[in-house]
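Remarks on the structure that follows.
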Amino acid sequence: MNCDWREKIGLYVDGELEPAVQQSFLAHLESCAGCASSVLEQQELKKAVRMAGKRFTAPPELYAQVRKQISPATHQPLAWLRWGLITACLMLFAAFASAWFTRSHQGNNTVAQLMDQHVVMLAGLHPMDVISEDKHTVKPWFQGKLPFTFNPPELAKDSPFTLLGGNLVYASQSPGAELIYRVRLHKISVFIFSARDVHSEPVADNHAFTVNGWQQNGLQYYIVTDAAREDAEKLRTLLEEANR
Amino acid sequence: MEEMRYQEIAETLDIPIGTVMSRLARARKQVRAYIVSALGQKKVVGIQR
């Protein structure tokens, strides 16, 4: 992407643009797919890091070390301070990220694995395996890839939900489907596994996430989303009706 | 994560605001590269594709 506005993307995402410049930037976004896509990516990345930050706490020693290095009282040569700060930030982010991956690797907790998968999907770092708003495209895509079948609900024209696509996922060494829906500005992951492979676990909302789980006709369903609990309930009802 | 404005960060750390911007841009780039490489190497751990 070679665009004069490129350097403004970070400022825009952080809400640091002057109002007049922001107006011009927004106008530019309408005609520049490259910048629009970068803005979206930066926003999703920021959201994912914020969520990871809420789920894990850095050890107090790391905090103390970072604070010591960036303390204004310790006036060290600028180059040292700059590299110290960058290293400290990276250690902090690396601690979050490795805690995130390590926790999913330990793996007995299916819900934690599914929440991680939802965060990865939100971060938009992988394209979806199947991208379609049409359930008649998404459902057949899973045929032959899963040892079970399911029915995505038929969505009415005025439904608040939109099907975005799906991913083939694994949890506890078992294959399953992730259906991705949008409701207003939020995304919802619906995970479906065979109940023989993935057992029911008690679910509770975790920080920013709403989690909803149930079993029906030999399948284990989990909904993970940052949307309101009522939205998860509505989507669950639609899924239950479609799979009676 | 602390939800501070650039100006607040600059004042807290006693550094110019331009330095705040350049460090944030660099950190963003490195975090993105870290996550992409972690996902690339391990795919998604526990949720293998």
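Chain letters run A, B, ... following the sequence lines, proteins first, then strands; residues in each count from 1. Note that this is a predicted model, so its numbers are computed, not measured.
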### Task
Please look at A:Gln42 and chain B and tell me whether the side chain, the backbone, both or neither of the residue comes under 4.5 angstrom of a heavy atom of that chain.
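It is the side chain, since no backbone atom gets that close.
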
### Message
Nearest 0.5 angstrom please: B:Arg28 CZ to A:Ile9 CD1, how far?
### Response
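So the gap between those two atoms works out to 10.0 Å.
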
### Task
Kindly compute the distance separating CG (A:Leu11) from CE (B:Met21), expressed to the nearest 0.5 Å.
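The distance works out to 5.0 Å.
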
### Task
State whether the side chain of B:Arg5 and the backbone N or O of A:Gly15 hold a donor-acceptor pair below 3.5 Å, judged by distance alone.
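Side chain of B:Arg5 to backbone of A:Gly15: a pair is present.
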
#### Entry: Other residues, nucleotides, ligands: >12 heavy atoms within 6.0 Å of B:Lys29 NZ
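Atom NZ in B:Lys29 is not packed in, count stays at 12 or less.
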
### Message
Less than 4.5 Å apart, side chain to side chain, heavy atoms only: is that true for B:Ile17 and A:Glu16?
### Response
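Heavy-atom side-chain distance check fails, nothing below 4.5 Å.
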
### Query
Taking only residues two or more places apart in sequence or in another chain, which ones pass side chain to side chain contact (heavy atoms under 4.5 Å, CB included) with A:Leu40?
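Counting only residues at least two positions away or on another chain, A:Leu40 forms a side chain to side chain contact (heavy atoms under 4.5 Å, CB included) with A:Gln43.
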
